[in-house]
Visitor: 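Below you will find the structure I want to go over with you.
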Amino acid sequence: MVEIKTDAALEAMREAGRVVAHALAAAREAAGVGVSLLDLDEAARTVLTKAGARSPFLGYQPSFASTPFPAVICTSVNDALVHGVPTDYRLRDGDLVSIDCGAELDGWTGDAAISFTVGTPRPADLDLIDATQQALDAGIAAATVGHRIGDISHAIGNVARTARCGMPADFGGHGIGRRMHEDPHIPNRGRPGRGFPLRHGLTIAIEPMLMAGGRDDYRTGSDGWTLLTTDGSRAAHIEHTVAITEEGPRILTLP
């Protein structure tokens, strides 16, 4: 069932989204050569705790996972696409890092992700991050009253394919509100004019996941969570929680 939020609910989600933005900023600021992924998780955890927010990631166990998720952020490095589990791995010069974070505050949830490089960047990684950001921007631009989910999906997929990037077929964005994952599903590819109609008060997480090698397949790592490119190519993931409004798309996970 798709829940259409009231304007008051949108304001409450904006506050949860602000916490997410601050947690992501703290994790990114903490990142550097020699810093562990667990250190990044701790930086984000501190922000959530100070804000009085709960992590919807910690202890989360969907049907595909054999164990509950053990952290408040996902840390996906280099060929890891999404769902990377923070470990004592220490970041190296040139690593490409994607961090996904959520926060639940006063019963409402926000979810966002960023991708960035550590130390000296590879030009190809910067191009991949830029393409992923462009795909997100295109998806957000299509998130307007009167359009449909397929218009968002088509906009994202068009940018990704133009950049010759792969995308996992069975992972994408989602509805969000009282829970982190709600209906409707937001594929990262699709046909325009199809799917659920976009109405004022619909809140969704839009999250392109691009793989530089151009292939769409992936594999699951030994931890049962981390999704990895099958060809070892790099991946990037950028996400925002967005509200559909009569005034246009409103990003709820900005600082």
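A quick note: this is a predicted structure, and the numbers were derived from the prediction, not measured. When a residue number appears, it is its place in the shown sequence, counting from 1.
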Visitor: Rounded to the nearest 0.5 Å, what's the gap from CG on Asp93 to OG1 on Thr117? Could you check?
Guide: 9.0 Å
Visitor: Distance only, no hydrogens: is a donor on one side chain within 3.5 Å (strictly under) of an acceptor on the other, for Thr230 and Asp217?
Guide: yes
Visitor: What residue pairs, at least two apart or across chains, pass side chain to side chain donor-acceptor pair (under 3.5 Å) with a residue in residues 58-75?
Guide: Tyr60-His181
Visitor: Within the structure provided, determine whether Thr220 and Leu228 are in side-chain contact (heavy-atom separation under 4.5 Å).
Guide: no
Visitor: As a quick check of understanding, evaluate side-chain contact (heavy atoms from CB on, under 4.5 Å) for Ile152 and Leu198, giving each step before the final call.
Guide: CA-CA 10 Å; Ile152 297 173; Leu198 305 182; 3.9 Å; yes
Visitor: Classify the side-chain pair His174/Glu207 by whether it contains a donor and acceptor separated by less than 3.5 Å.
Guide: yes
Visitor: I need the Thr229 OG1 to Asp216 CG distance, nearest 0.5 Å.
Guide: 12.0 Å
Visitor: Do Asp231 and Tyr218 meet the criterion of a side-chain donor-acceptor pair at a distance under 3.5 Å?
Guide: no
Visitor: Quick one: does any side-chain atom of His185 pair with a main-chain N or O of Gly173 as donor and acceptor, under 3.5 Å?
Guide: yes
Visitor: Only pairs at least two apart or in different chains count here, so list each side chain to side chain donor-acceptor pair (under 3.5 Å) that has a residue in residues 121-133.
Guide: Asp125-Arg234, Asp130-Gln134, Gln133-Asp137
Visitor: What I want to check is whether the side chains of His83 and Thr226 have a donor and an acceptor closer together than 3.5 Å.
Guide: no
Visitor: Is there side-chain contact between Phe69 and Pro86, with heavy atoms separated by less than 4.5 Å?
Guide: yes
Visitor: Take a 6.0 Å sphere around CZ of Arg161 and say whether it holds more than 12 heavy atoms from other residues, nucleotides or ligands.
Guide: yes
Visitor: Working note: Leu91 + Val97, criterion side-chain contact (heavy atoms from CB on, under 4.5 Å); need CA distance, chi angles, decisive distance, verdict.
Guide: CA-CA 9 Å; Leu91 293 169; Val97 183; 3.7 Å; yes
Visitor: Between Asp95 and Arg90, does at least one N-O distance fall below 4.0 Å, as a salt bridge requires?
Guide: no
Visitor: Within the structure provided, determine whether Cys74 and Phe57 are in side-chain contact (heavy-atom separation under 4.5 Å).
Guide: yes
Visitor: Does the side chain of Val82 come within less than 4.5 Å of Asp100's, by heavy atoms?
Guide: no
Visitor: Carefully, step by step, assess Thr253 and Val242 under the rule side-chain contact (heavy atoms from CB on, under 4.5 Å).
Guide: CA-CA 8 Å; Thr253 41; Val242 179; over 6 Å; no
Visitor: Give every residue pair that meets the side chain to side chain donor-acceptor pair (under 3.5 Å) criterion with at least one member in residues 1-18, sequence neighbours excluded.
Guide: Glu3-Arg178, Lys5-Glu182, Lys5-Thr203, Asp7-His200, Glu11-Arg250, Glu15-Arg18
Visitor: Is there a side-chain contact between Met13 and Ile176 in this structure, where contact means two heavy atoms from C-beta onward sitting under 4.5 Å apart?
Guide: yes
Visitor: Are the side chains of Met167 and Arg189 in touch, meaning some heavy atoms are under 4.5 Å apart?
Guide: yes
Visitor: Kindly indicate whether the side chain of Ile149, heavy atoms from C-beta on, has any atom under 4.5 Å from the side chain of Ile186.
Guide: yes
Visitor: With distance as the sole criterion, is a donor-acceptor pair present between the side chains of Ser115 and Ser98 under 3.5 Å?
Guide: yes
Visitor: So do the side chains of Ile99 and Phe116 get within less than 4.5 Å of each other, counting heavy atoms only?
Guide: yes
